[in-house]
Amino acid sequence: FQGRQAPLARIADTLNAEKDGMLAVLAPAGGGKSALMAEAVRQARERYPQARIIERYLGITTNSSDLTALLRNLVAILRIEYPPPSPHAAYESHREGAPPSQAVSEEIPHELPPLIVAFRDGLNRVTAEKPLLLFFDALDQLTSGGHPADLNWLSVQLPAHVGLVVSAALPAEADAN
């Protein structure tokens, strides 16, 4: 990977463990956003080996563009990586080979409102010992019910120890300016 040191430095600064930040990378279609995101992920893996890094390149397939599929996948990962407390946690911690808590194995919602709640709950369980870095490339390609997805599932303010970098193409009329 050559060049783009300024945007990579900005991404690295945003993901600095001392901050909890988010950054949007905006450029015209074909402007190299996906390559930049891939390099930023590679660098983040080197810089933050203790972090759980999730990268998604949206819009590559129909399923990768679906908001419900994305959130269901993220909730499943968050429940494994940052398990919710179990009402029987004290008991389970003493049992060798205990099954996952009911909260981890319970059904992941299919409807957006409870799915968004489950996603945000998962983000709130992230710890300083295992920060979470999310990279979503081509966020503008995300759909819900065959229509462009509303971004209300993304919080305005991220919980502690969560970093987010997204990319999106500028609208066609913005390309001309």
Side-chain angles (χ1 to χ4, degrees), residues 11-12 14-25 37-38 40-93 95 97-145 149-168:
I11 291 170
T14 298
L15 298 177
N16 182 325
E18 300 302 313
K19 303 177 196 172
D20 303 305
M22 64 176 80
L23 179 72
V25 176
M37 293 287 280
V41 168
R42 187 193 69 72
Q43 289 182 12
R45 289 189 197 287
E46 287 180 2
R47 190 171 287 122
Y48 305 107
Q50 78 285 9
R52 176 59 161 106
I53 297 175
I54 300 174
E55 62 185 302
R56 293 294 181 268
Y57 297 89
L58 308 168
I60 294 178
T61 66
T62 303
N63 199 39
S64 74
S65 299
D66 182 69
L67 176 60
T68 300
L70 172 67
L71 288 176
R72 292 191 84 237
N73 175 258
L74 294 172
V75 167
I77 291 169
L78 292 171
R79 285 184 179 177
I80 292 167
E81 297 287 335
Y82 310 95
S86 166
H88 309 291
Y91 173 73
E92 289 177 0
S93 67
R95 290 178 39 209
S101 72
Q102 180 181 356
V104 172
S105 60
E106 79 181 26
E107 176 96 17
I108 294 173
H110 289 274
E111 299 298 320
L112 275 178
L115 195 50
I116 292 168
V117 169
F119 174 65
R120 290 179 179 166
D121 286 347
L123 293 181
N124 285 321
R125 292 190 304 273
V126 173
T127 64
E129 297 76 34
K130 189 188 214 177
L132 175 66
L133 304 178
L134 300 167
F135 293 83
F136 299 136
D137 182 51
L139 195 60
D140 55 304
Q141 297 296 311
L142 207 53
T143 62
S144 180
D150 189 346
L151 297 180
N152 65 352
W153 59 279
L154 285 173
S155 298
V156 174
Q157 183 172 0
L158 294 172
H161 318 297
V162 176
L164 172 66
V165 179
V166 301
S167 75

Residues, nucleotides or ligands: over 12 heavy atoms within 6.0 Å of Asn63 CG: no
Nearest-0.5 Å distance, CD1 of residue Ile77 to CG of residue Asn73: 4.0 Å
Side chains of Leu132 and Leu78 in contact at under 4.5 Å (non-hydrogen atoms): yes
Derivation of the side-chain contact (heavy atoms from CB on, under 4.5 Å) call for Met37 and Val166: CA-CA 8 Å; Met37 293 287 280; Val166 301; 5.6 Å; no
Pairs where residues 112-135 contributes a residue and the test ring-ring contact (aromatic ring centres under 6.0 Å, His included) is met, not counting sequence neighbours: Phe119-Trp153
Residues 138-145 side chain polar contacts: donor-acceptor under 3.5 Å, at least two apart:
from: Asp140; atom 1: OD1; to: Ala169; atom 2: N; distance (Å): 3.1
from: Thr143; atom 1: OG1; to: Ser65; atom 2: O; distance (Å): 3.2

Distance in Å, Gln50 CD paired with Glu129 CD, rounded so as to fall on 0.5 Å steps: 10.0 Å
Atom pair OH/CG of Tyr48 and Leu133 - distance to nearest 0.5 Å: 7.0 Å
Validation row: Arg56, Leu70 side chains within 4.5 angstrom (heavy atoms): yes
Atom of Val126, atom of His161 and distance for their closest heavy-atom approach: CG1-O, 3.3 Å
Side-chain (Ser64) to main-chain (Gly59) donor-acceptor, under 3.5 angstrom: yes
Check against side-chain contact (heavy atoms from CB on, under 4.5 Å), Val25 and Val165: CA-CA 7 Å; Val25 176; Val165 179; 4.2 Å; yes
Candidate pair Val75 and Asp121, rule side-chain contact (heavy atoms from CB on, under 4.5 Å), full reasoning: CA-CA 9 Å; Val75 167; Asp121 286 347; over 6 Å; no
Partner residues of Glu46 under the side-chain contact (heavy atoms from CB on, under 4.5 Å) criterion, sequence neighbours left out: Arg42
Stepwise side-chain contact (heavy atoms from CB on, under 4.5 Å) test for Leu23 and Ile11: CA-CA 7 Å; Leu23 179 72; Ile11 291 170; 3.5 Å; yes
Side chain Arg125, main chain Tyr82, donor-acceptor under 3.5 Å: yes
Side-chain donor/acceptor of Asn124 to backbone N/O of Arg120, under 3.5 Å: yes
Atom of Pro109, atom of Leu115 and distance for their closest heavy-atom approach: O-CD1, 3.4 Å
Leu67 side, atom CG; Leu74 side, atom CG - distance, nearest 0.5 Å: 9.5 Å
Closest heavy-atom pair and its distance - Ile108, Ala76: CD1-CB, 3.5 Å
Side chains of Glu55 and Tyr57, donor plus acceptor under 3.5 Å: yes
CZ on Arg72 to CG on Leu112, rounded to 0.5 Å: 11.0 Å
Spatial distance of atom CG (Leu134) from atom CG (Leu158) [nearest 0.5 Å]: 8.0 Å
